[in-house]
There are 2 protein chains.
Amino acid sequence: MNKKDKDTEQLILQAAQKVFTEKGLAGARMQDIADKAGFNKALVHYYFTSKAKLFELIFEQEFKAFFFDLVGIVSSDLPLFEKIERIIEHDIDKMTKFPGLPNFVLNEISRNPEVILKQFKKIPVENVLGGFQKQINSEIKKGTIRKISSEQLLINIQSLCIFPFLARPMIKGLMRMDEKAFLAMMQKRKSTVLEFILGAIKA
Amino acid sequence: MNKKDKDTEQLILQAAQKVFTEKGLAGARMQDIADKAGFNKALVHYYFTSKAKLFELIFEQEFKAFFFDLVGIVSSDLPLFEKIERIIEHDIDKMTKFPGLPNFVLNEISRNPEVILKQFKKIPVENVLGGFQKQINSEIKKGTIRKISSEQLLINIQSLCIFPFLARPMIKGLMRMDEKAFLAMMQKRKSTVLEFILGAIKA
DNA sequence: GTCTATAATTTGATAGAC
DNA sequence: GTCTATCAAATTATAGAC
């Protein structure tokens, strides 16, 4: 594979990423992907055979982007409060950088469960959750925080960080914000959410 | 319009509600709607003219279902903590009853903003938020809760209640839950979330 | 490797019989 | 009001030239 190939393949992948995350599997058009990449439909098929195959590649990539760093942070040996802060920062920064990411991943999982379940098996959930639970239990024992499960705490952190991005057009519409104001609010929310969570869990 | 008409129309609307909320606008098929209603495509067009028109009806209905009761609760004169409890109950009960609701509404708004913005104008946001903010300010003044804006508090409540339903297949996949376990967790989450929020805002 | 042209399929929509 | 049959448009996919 020479340099030209690599460029073309990458250009198509980038275009596909954009179109799929904006429109979803059902709404995406191979023509749009070809146009955005600067080539034609035939070439997209030449490189990736079918829409379904191309979608799978993109989905896997986005799914990893959604989880990879997060698992690293949760599994790290940072102190609990600092870890929570890092998760919040990670989430909000990632969603700011890839606006369509959470909607795409969650929505496509909901609507195409069959294509996707195999992705879950790549994540060592038991280890990650188990380790995090140990850390939490130790803090509970020390009396620094109230009783809570690692699952519920993680769900709460993710909820508070990710939901506003999923509801972005609604929040903007209801609260009369433009894009700039929304992003400013989300930056400020890093500390708002951290305080909120620490207030909720501290004993 | 006689009884037969009414039945047919209703059956088609019910089928459309199911198909659109499961598949979204782009993924929905008129054929599926006709099949599920027990009639044929031609009849669906006879009653509702086009896919776009039928979608608009369903979307408006779902959008109202999403907001109508919520606005009532937020605008009520319940004491703050009780109001928060009622919002949580309302959200979780509604999402339990209509599983596809939040994903459908938020996702279609993200992907078809042009069709939908007019819905927002039906909600008297300023009044609702303004009244709620007054109630919050009065509690802050009394020293019962910490400083927080009505917007952020509402976003937090909605995040904690709705996000788990949006991430349902992911949560079930990662945490090895079946549907029954998931719903049991969400019921239990009513009190978990209430405690979490009260812990976070109480002074 | 990239293009044009076209086949094959899917799907929204309509005509016309009953 | 409901159906069958069919059209027209959109869209995925392939054949074949360069």
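Below, chains carry the letters A, B, ... as their sequence lines are ordered, and counting in each starts from 1.
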Inset, instruction - List for me each residue that meets ring-ring contact (aromatic ring centres under 6.0 Å, His included) alongside A:F196, sequence neighbours excluded, and say none if there are none. - result: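 For A:F196 there are no ring-ring contact (aromatic ring centres under 6.0 Å, His included) partners, ignoring immediate neighbours.
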
Legend entry - Residues forming a ring-ring contact (aromatic ring centres under 6.0 Å, His included) with A:F165, sequence neighbours excluded: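 If we apply the ring-ring contact (aromatic ring centres under 6.0 Å, His included) test to A:F165, skipping adjacent residues, the hits are A:F182.
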
Report yes if a side-chain nitrogen or oxygen of [X] is closer than 4.0 Å to either non-bridging phosphate oxygen (OP1 or OP2) of [N]; otherwise report no.
{"X": "A:T8", "N": "C:dT2", "value": "yes"}
{"X": "A:Y47", "N": "C:dG1", "value": "yes"}
{"X": "A:N40", "N": "C:dT2", "value": "no"}

Listing time: all N or O pairs from protein to nucleotides 15-18 of chain D that are below 3.5 Å?
none

Legend entry - Integer-rounded Å distance: C:dT11 P and B:D35 CG: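 Checked: the CG to P distance equals 12 Å.
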
Legend entry - Euclidean distance, atom CG of residue B:L43 to atom P of C:dT14 [Å, nearest integer]: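 Result: 14 Å.
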
Legend entry - Contacts of type side chain to side chain contact (heavy atoms under 4.5 Å, CB included), residue B:P79, not counting sequence neighbours: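 Partners of B:P79 under the side chain to side chain contact (heavy atoms under 4.5 Å, CB included) test: B:E82.
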
Legend entry - Pair listing, side-chain hydrogen bond (donor to acceptor under 3.5 Å, both in side chains) test, anchored in residues 157-174 of chain A, at least two apart: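 Passing the test, one end in residues 157-174 of chain A: A:D91-A:Q158, A:R168-A:E179, A:K172-A:E179.
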
Inset, instruction - Indicate yes or no for a side-chain donor-acceptor contact from B:Q135 to the backbone of B:L78 under 3.5 Å, with no hydrogens or angles considered. - result: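 Between the backbone of B:L78 and the side chain of B:Q135 there is a qualifying donor-acceptor contact (under 3.5 Å).
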
Inset, instruction - Name all pairs fulfilling the salt bridge (Lys or Arg N to Asp or Glu O under 4.0 Å) condition that reach into residues 12-24 of chain A, sequence neighbours left out, sorted by first residue then second. - result: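 Of all non-adjacent pairs touching residues 12-24 of chain A, those that pass salt bridge (Lys or Arg N to Asp or Glu O under 4.0 Å) are A:K18-A:E22.
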
Inset, instruction - If a pair satisfies salt bridge (Lys or Arg N to Asp or Glu O under 4.0 Å) and one of its residues is in residues 123-133 of chain A, list it, with sequence neighbours excluded. - result: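 Qualifying pairs: A:E126-B:R176.
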
Donor-acceptor pairs under 3.5 Å, side chain of residues 61-68 of chain A to any protein atom, not counting sequence neighbours: which ones?
unit_1	atom_1	unit_2	atom_2	d
A:E62	OE2	A:Q17	NE2	3.1
A:K64	NZ	A:E60	OE2	3.4

Distance-only check: which donor-acceptor pairs under 3.5 Å involve side-chain atoms of residues 25-38 of chain A, not counting sequence neighbours?
unit_1	atom_1	unit_2	atom_2	d
A:R29	NH1	A:A26	O	3.2
A:Q31	NE2	A:D35	OD1	3.0

Table of protein N/O atoms under 3.5 Å from nucleotides 9-12 of chain D N/O atoms:
unit_1	atom_1	unit_2	atom_2	d
D:dT11	OP1	A:R29	NE	2.6
D:dT11	OP1	A:R29	NH2	3.4
D:dT11	O5'	A:R29	NE	3.4
D:dT12	OP1	A:A28	O	3.3
D:dT12	OP1	A:R29	NH1	3.4
D:dT12	OP1	A:K51	NZ	3.4
D:dT12	OP2	A:M30	N	3.2

Legend entry - Sugar-phosphate only, base, or nothing, as touched by B:F39 at under 4.0 Å among non-hydrogen atoms: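 Sugar-phosphate contact only.
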
Inset, instruction - Using only heavy-atom distances, determine whether the side chains of A:E139 and A:T144 contain a donor-acceptor pair under 3.5 Å. - result: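 Note: A:E139 and A:T144 side chains meet the donor-acceptor criterion.
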
Inset, instruction - Can you run down the ring pair (Phe, Tyr, Trp, His ring centres under 6.0 Å) pairs that involve residues 21-43 of chain A, sequence neighbours left out, and say none if there aren't any? - result: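 Qualifying pairs: none.
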
Legend entry - Within residues 12-24 of chain B, residues whose heavy atoms come under 4.0 Å of DNA chain D: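 The stretch gives none, as no residue of it lies under 4.0 Å from the strand.
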
